[in-house]
Amino acid sequence: MENGTPDLPKFAVLQLSGCAGCEVSLLNTSDWVDKFQLVYMPLVVSTHHIPDDVQVLLVSGGVSNAEDAYNLRQAARKVKKVIAVGTCAISGGVSNLGDRDDVRELFLSRYDRINLPRLLAKTHPVDAFVDVELYLPGCPPTPELFTAALTDSRGFKAAAIVCAECRRQKLANMRPKHLTGFRHGSVLPDVCLINQGFLCVGTSTRGGCRAICTRPGHPCVGCRGPSNLLIEKGSAVWLENIQRVFEHMTDIPADELNEALRSPQLSMFLFQFSDYAGGDRPPRSKDKVL
């Protein structure tokens with residue numbers, strides 16, 4: 001107690017190999033300010049260690065080197081609850097694009113590397129090292145999702161898919177024959193992006209993001225991961241579901257669609273984040289994904 005006010009529960013943010021986008025998203029909401037005390041986040045809080053009385057640890061970024069793994073294990077021992085935040089923490093995300101032989105050879109060939117952490121064989125998700133109680137997908141998660149994760153995630157009901165929040169109209173008589181490039185063509189304001197030939201995967205992606213990309217006309221790339229119907233089935237099933245949607249709504253050739261789904265624009269999410277059944281882990285339960 002201080003000045004008659006009870007101490008607020010404390011939370012910390014541990015950033016591993018990532019871009020700090022999730023931290024910026026967290027700072028874009030103030031809903032948690034009166035409910036929690038932020039005691040550690042190197043981006044904004046000047047302290048060198050995580051206190052021992054922290055209730056919740058938000059972890060962003062992937063585990064790409066020995067220092068990441070050490071810091072994660074040490075921090076997890078001090079807290080009651082670990083939440084994996086964002087695509088990188090759940091599946092590797094942007095940092096996982098460095099799991100290429102040419103990039104690795106270039107890094108390892110430099111003799112002037114001094115005091116750099118040992119590079120792991122690949123970028124790992126957080127739950128490969130510690131138990132995770134809640135997964136908060138997104139790149140980055142929206143401020144509302146952070147609020148729900150910190151306060152009462154059980155009372156937060158996200159839309160089943162992005163389309164439910166987008167509300168663009170799907171037209172039966174508007175069937176494109178080819179895909180429109182990501183940065184080509186004008187966008188009709190109220191018509192489904194698939195009807196307009198854009199490679200939008202919102203029909204199979206979990207909602208909760210307020211459709212902040214698709215409403216202004218940018219196709220969904222799946223950063224929130226697969227919907228609950230697909231989340232425990234892996235990336236192959238997610239891709240098949242997307243392909244069936246396009247077969248139903250368009251006349252785009254299957255080969256053209258298949259090639260586009262494997263393009264760099266979508267590979268970060270459709271082939272990493274979606275594969276919850278990948279590796280030696282059991283599938284992540286949809287009940288633990290916000």
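Here the structure is a predicted model, which is why all the values come from computation and not from measurement.
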S.K.: On a heavy-atom basis, which atom in Gly202 and which in Ile161 lie closest, and how many Å separate them?
M.R.: O-CB, 3.6 Å
S.K.: Could you tell me if the side chain of Tyr135 sits less than 4.5 Å from the side chain of Val85, heavy atoms only?
M.R.: no
S.K.: Can you tell me if Asp251 has over 12 outside heavy atoms packed within less than 6.0 Å of its CG?
M.R.: yes
S.K.: If you take all heavy atoms of Asn241 and Ser204, which pair is closest and at what distance?
M.R.: ND2-OG, 2.7 Å
S.K.: Run Glu144 and Thr29 through side-chain hydrogen bond (donor to acceptor under 3.5 Å, both in side chains) and show every step you take.
M.R.: CA-CA 7 Å; Glu144 292 88 344; Thr29 178; over 6 Å; no
S.K.: Would you find a donor on one side and an acceptor on the other, under 3.5 Å apart, between the side chain of Lys78 and the backbone of Ile50?
M.R.: yes
S.K.: Counting only heavy atoms not in Glu256, do more than 12 sit closer than 6.0 Å to its CD atom?
M.R.: yes
S.K.: Can a donor-acceptor pair be found, under 3.5 Å and without considering hydrogens, that links the side chain of Ser25 to the backbone of Pro141?
M.R.: yes
S.K.: In terms of hydrophobic clusters joined by side-chain contacts under 4.5 Å, are Phe156 and Ile83 together?
M.R.: yes
S.K.: Within the 4.5 Å heavy-atom criterion, are Thr214 and Cys200 side-chain neighbours or not?
M.R.: yes
S.K.: In plain terms, say whether Glu232 and Lys286 are close enough for a salt bridge, that is, a side-chain N and a carboxylate O under 4.0 Å apart.
M.R.: no
S.K.: Has the side chain of Arg206 got a donor or acceptor atom that lies under 3.5 Å from a matching backbone atom of Pro226?
M.R.: yes
S.K.: Considering only heavy atoms from C-beta outward, does the side chain of Arg215 approach that of Arg210 to under 4.5 Å?
M.R.: no
S.K.: Trp32 side chain to Thr151 main-chain N or O, any donor-acceptor pair under 3.5 Å?
M.R.: no
S.K.: With a 4.5 Å limit on heavy-atom distance, are the side chains of Glu23 and Pro42 in contact?
M.R.: no
S.K.: Check whether Phe36 and Leu27 end up in the same hydrophobic cluster, where Ile, Leu, Val, Met, Phe, Trp and Tyr are linked by side-chain heavy atoms less than 4.5 Å apart.
M.R.: yes
S.K.: Same cluster or not: Val79 versus Val126, using hydrophobic residues (I, L, V, M, F, W, Y) connected whenever any side-chain heavy atoms lie under 4.5 Å apart?
M.R.: yes
S.K.: Test your reading of the model: is there a side-chain donor-acceptor pair from Gln37 to the backbone of Pro9, 3.5 Å cut-off?
M.R.: no
S.K.: Between Ala12 and Val54, what is the shortest heavy-atom contact and its length?
M.R.: N-CG1, 3.8 Å
S.K.: Under 3.5 Å, is there a donor-acceptor pair between the side chain of Arg224 and the main chain of Pro137?
M.R.: yes
S.K.: Test your reading of the model: is there a side-chain donor-acceptor pair from Arg168 to the backbone of Val191, 3.5 Å cut-off?
M.R.: yes
S.K.: A side-chain contact here means heavy atoms from C-beta on lying under 4.5 Å apart; do Leu26 and Val13 qualify?
M.R.: yes
S.K.: Centroid-to-centroid, Phe129 to His124, below 6.0 Å?
M.R.: yes
S.K.: Could you see if Leu57 belongs to whatever hydrophobic cluster contains Ile90? Use Ile, Leu, Val, Met, Phe, Trp, Tyr and a side-chain cutoff under 4.5 Å.
M.R.: yes
S.K.: Counting distance only, does the side-chain N/O of Asp31 pair as donor-acceptor with the main-chain N or O of Thr147 below 3.5 Å?
M.R.: no
S.K.: Are Ile194 and Val245 side-chain neighbours, meaning at least one heavy-atom pair lies under 4.5 Å?
M.R.: yes
S.K.: Tell me whether Lys288 contacts the main-chain N or O of Val132 through its side chain, where contact means a donor paired with an acceptor under 3.5 Å.
M.R.: yes
S.K.: Kindly give the heavy-atom pair with the smallest separation between Leu72 and Leu14, and that separation in Å.
M.R.: CA-CD2, 3.7 Å
S.K.: Just by distance, no angles: are the side chains of Thr180 and Gln196 close enough, under 3.5 Å, to form a donor-acceptor pair?
M.R.: no
S.K.: Say whether, by atom type as modelled, one donor and one acceptor occur between the side chain of Asn258 and the main chain of Ala254 under 3.5 angstrom.
M.R.: no
S.K.: Do His178 and Thr250 pass the side chain to side chain contact (heavy atoms under 4.5 Å, CB included) test, and can you show the C-alpha distance, the side-chain angles, and the key distance before you say yes or no?
M.R.: CA-CA 8 Å; His178 294 284; Thr250 76; over 6 Å; no
